[in-house]
2 protein chains.
Amino acid sequence: MLQFTKSTEYGLIGLVHLADRRGEVVSVREIAGTYKISRRHLGESLKALCRAGLLKSQRGVHGGYRLALEPEQVALSTIVAALEGEPALTSCETDHAESAGCHVEPHCPIRSPIQRIRQGLWRQMEQTSLRALIDEPLALPGAPSPIEHLNLFPRGN
Amino acid sequence: MLQFTKSTEYGLIGLVHLADRRGEVVSVREIAGTYKISRRHLGESLKALCRAGLLKSQRGVHGGYRLALEPEQVALSTIVAALEGEPALTSCETDHAESAGCHVEPHCPIRSPIQRIRQGLWRQMEQTSLRALIDEPLALPGAPSPIEHLNLFPRGN
DNA sequence: GGATATGGCACTAAAATGATGCTGTTTCCG
DNA sequence: CGGAAACAGCATCATTTTAGTGCCATATCC
């Protein structure tokens, strides 16, 4: 439904929390307790982020996780990829239709348009750092302009 | 998994096909046959688009669907909303947590950031017309810039 | 050596999705 | 008139994905 999974959600909660305490080692227990979320599930997400190299873990009694990188260096796209894979907006892209022989091609009228949507979304996430998720300038804009001949991602590309 | 549903995919296929034949009435059979997709499922998607006012239907032997509006007037966001609802990137947003009492608030560190992501994606879709999905200027851009202090949607808002 | 962490699987239950069945209504055409 | 073709509306069922846990191993501190 065009929605992040719980795993991603939990991972983001953990990352933001850890970023607030840059450098410190914080346990899953503490984070889960703070936000009243499943300790186990949060743990699974942080494990995944650790395997992806975004976190470093410390075992043992006073163990826990800490950021492996500065918040400026972590892209949202990297986080999402670690927790639920890269988004593939159409089945064409997940099913390896190209190699398997997509029976819609070469007539498929949506594939490249959808790919543009996907790439635009992905690029947004690539350009959004964990830092940007923490800071809260948030002055969300006015009404979108009327949708006449607007191209998809009109950023001079 | 941050992915459109099949219903949306089929709906987009139908819309693009119908836009190619602006004004003409085209049957589900023909569209499904062209792209070798499920006639029934495609039919369900087009029914939904019809209920949403994006298509007009004509019953009977030579019946089918045609666009109710010009491709320039239809936003991708409208299409997606009709076929799978507005995207809610976190469960906070679907569960009506605010009224029900989100037990993560007021500590939830991700809610507003995620909302910004969601709004940015949604705005992209609002600004993308069906026309833009048809036209294929497609000169997809170079490498994304390094992700230092980039804000989410730096469009002068 | 016991308590408290993470690490790594594997498994089950619930929810979302994909696909289809059935019946009714409208329209064309012979 | 009556049958065929096409949409309308629901409802059902199978599959896939997701959410949530269980279990045990390993590491660390005290």
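Chain A is the first sequence line, chain B the second, and so forth, proteins listed ahead of strands; every chain is numbered from 1. When reading the values below, keep in mind they use all heavy atoms of this one structure, side chains included, and skip hydrogens, waters and symmetry mates.
Residue pairs satisfying the side chain to side chain donor-acceptor pair (under 3.5 Å) criterion with at least one member in residues 57-70 of chain B, sequence neighbours excluded, are listed as follows: B/R22-B/E70.
Of the possible donor and acceptor atoms, one in the side chain of A/T128 sits under 3.5 Å from a partner among the backbone N and O of A/Q124.
For B/R39, no side-chain nitrogen or oxygen approaches OP1 or OP2 of C/dT20 to under 4.0 Å. One finds a side-chain N or O of A/Y65 lying less than 4.0 angstrom from the OP1 or OP2 phosphate oxygen of C/dG7. Between B/H41 and C/dG18 there is no side-chain N or O to OP1 or OP2 distance below 4.0 Å.
Comparing C/dG7, C/dT4, D/dC7 by their closest approach to the side chain of A/S57 singles out C/dG7. Counting only heavy atoms from C-beta on, B/K47 has its side chain closest to D/dA8 among D/dA8, C/dC28, C/dA19.
For D/dG20, its base never sits under 3.5 Å from the side chain of A/K6 at any donor and acceptor pair.
Along DNA chain D, the nucleotide closest to B/H62 and the one closest to A/E44 are compared, and the more 5′ of them pairs with B/H62. Annotation: of the two residues near DNA chain C, B/S38 and B/E84, the 5′-most nearest-nucleotide partner is B/E84. With the nearest nucleotide of DNA chain C identified for both A/L46 and B/R59, A/L46 has the one nearer the 5' end.
A/F4 places its CZ atom 18 Å from the C1' atom of D/dA19, with the value rounded to the nearest Å. Across the protein-nucleic acid pair, A/L42 atom CG and C/dG7 atom C1' stand 15 Å apart, rounded to whole Å. Rounding to whole angstrom units, CZ of residue B/R29 and C1' of D/dA6 are separated by 9 Å. Straight-line distance from the CD1 atom of B/I37 to the P atom of C/dT20: 12 Å, rounded to whole Å. Summarising the geometry, the separation between CD on B/E9 and P on C/dT17 is reported as 14 Å, rounded to the nearest angstrom. The separation between A/R66 atom CZ and C/dT6 atom C1' is 14 Å, rounded to whole Å. In this structure, the CG atom of B/L83 is 14 Å from the C1' atom of C/dT17, given to the nearest Å. The nearest whole Å value for the distance from the OH atom in B/Y10 to the C1' atom in C/dT17 is 11 Å.
Residue B/G64 is classed as a sugar-phosphate contact, given heavy-atom separations below 4.0 Å to backbone atoms only. Nucleic acid contact class of A/G60 (heavy atoms, under 4.0 Å, all strands): base.
The CG atom of A/L42 sits 5.5 Å away from the CD1 atom of A/I31 when rounded to the nearest 0.5 Å.
Of all heavy-atom pairs between A/A68 and A/G53, the closest is CB-O, 3.4 Å.
Taking B/E44 as the reference, B/R40, B/K47 meet the salt bridge (Lys or Arg N to Asp or Glu O under 4.0 Å) condition, with sequence neighbours excluded.
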